[in-house]
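A short worksheet on the structure shown next.
Remember, predicted model here, so these are calculated numbers, not experimental data.
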Amino acid sequence: MAVSKTIFGEIDSEPVYLYKISNKNQTSISVLSYAATWQNFEVIEDGKKHSLIEHFDNLDDYIKTPYQVGKTIGRVAGRIKDASFQINGVDYQMEQNEGENLLHGGSHGLQYQNFESKKVAENAVLLSHTVHGEDGFLGTLKVNVEYILNDDNEVSIIYSAETDHDTLFNPTCHVYFDVDDENIRQQKLQINPNSFLKVDDGKIPTGDFLATDGPYDFKKAKTIGQGLDELALLNKYEYDDAFVVDNRAATIKSDKRAVDLYTDRNGMVIFTADPKDTEKAEKHEYSSLAMEMQTLPDAVHHLGFGDIVLGKGQKVVYTNKYKYRRFE
């Protein structure tokens, strides 16, 4: 195992570092201090390199992209209805940064911060940031994001946080997968759950669970293209949906390789996109699939969605895992 550190760029007169962790199989992940971003997931097969996730090779693209490519999202991933919530009888009003709602924690979320960073083991990097009441959230929240790569080609992302004031915490990695050179439509997706969330026109969950039928049925692996074709029959042309998942959340694969996704939380949002070509995305020509493991969106407003409240003096730890497999 080995960890290297280089300067990737600069933001607000601060260096942005890139850490590359490599294992005995020459599998590697690259991580940026900016937004605690998962910058690359690279494998070598028969002497040839393959990147498994969408990524940029310069900092400016990460700063400018509206797609949050590979970034740590928080304090709260997804949307919060009316940008407001209640904890222990106290009402809180957040910044409304998407219509009347709050998206991805606000315009000063973790995805816009340059984290402190350091190597903590021969296969691990720790990124840390403290937020102080941005976007309407009260109190100080200390966040750690640790990336680990082992010799079994498994990536672990461990999120931990503690606060001095009641708040919410539901982070994710906004990673986009493209596990082969073929079109993303040809790659297969398998998701374990029997239900996904019903949402309104603003993509806010209504509180209802829907059966995973038709285009939403990935219990048996099928191509993403087949799912999109089934969606088109409903006059829908993209995935931006939250599925209820268990520990083994999903698998995305081609004929050559796969990535299995695991989480200790109950939700995964999938989103079809082309972060590098918005014109193609607008034509529903997609290059990758975001797979964001988290507690179900807007959980603070719905019993049964999970608990994202982090109380004063409490600490919480979440783990997402991604395991690469090659088909022989």
Pairwise distance [atom1]([X]) to [atom2]([Y]) - rounded to 0.5 angstrom:
X    : Y    : atom1 : atom2 : result
E10  : N114 : CD    : CG    : 10.0 Å
Q93  : D135 : CD    : CG    : 12.0 Å
K142 : E162 : NZ    : CD    : 6.0 Å
Q68  : L110 : CD    : CG    : 11.0 Å

Would you say the side-chain atoms of [X] pair up with the backbone N or O of [Y], donor to acceptor, closer than 3.5 Å?
X    : Y    : answer
K20  : A2   : no
D178 : I184 : no
D180 : S254 : no
Y147 : Y19  : no

Within 45° cone and under 6.0 Å: R257 NZ/CZ vs Y324 ring: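 Checked: cation-pi criterion not met.
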
Can a cation-pi geometry be assigned to K222 and F218, taking NZ or CZ under 6.0 Å from the six-membered ring centre and within 45° of the ring axis?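 Yes, a cation-pi geometry holds between K222 and F218.
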
Going by an N to O cut-off under 4.0 Å, is there a salt bridge joining D260 and R325?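 A salt bridge links D260 with R325.
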
Got a salt bridge between K323 and D152, using NZ or NE/NH1/NH2 to carboxylate O under 4.0 Å?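 Between D152 and K323 there is no salt bridge, as every charged N stays at least 4.0 Å from the carboxylate O atoms.
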
Side-chain contact, heavy-atom cut-off 4.5 Å: [X] with [Y]?
X    : Y    : result
L103 : R79  : yes
S84  : D91  : no
L126 : N144 : yes

Would you kindly say whether N25 and N153 are connected by a side-chain donor-acceptor distance under 3.5 Å?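 Yes, a side-chain donor-acceptor pair sits under 3.5 Å.
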
Minimal non-hydrogen separation, [X] against [Y], with atom names:
X    : Y    : result
V125 : I21  : CG2-CD1, 3.9 Å
P297 : F305 : O-CD2, 3.4 Å
A250 : M291 : CB-CE, 3.8 Å

Before giving the answer on ring-ring contact (aromatic ring centres under 6.0 Å, His included), spell out for F85 and Y92 the whole-Å C-alpha distance, their side-chain angles and the decisive distance to 0.1 Å. CA-CA 5 Å; F85 55 88; Y92 297 88; 5.3 Å; yes

Under the salt bridge (Lys or Arg N to Asp or Glu O under 4.0 Å) rule, what do K48 and D46 come out as? Steps first, then yes or no, please. CA-CA 6 Å; K48 184 177 179 181; D46 302 323; over 6 Å; no

Do F56 and Y62 have ring centroids that are under 6.0 Å from one another?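 Distance test on ring centres: under 6.0 Å, yes.
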
Kindly assign one of parallel, tilted or perpendicular to the pair Y216 and Y239, based on the angle between their ring planes and the thresholds 30° and 60°.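 Ring orientation of Y216 relative to Y239: perpendicular.
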
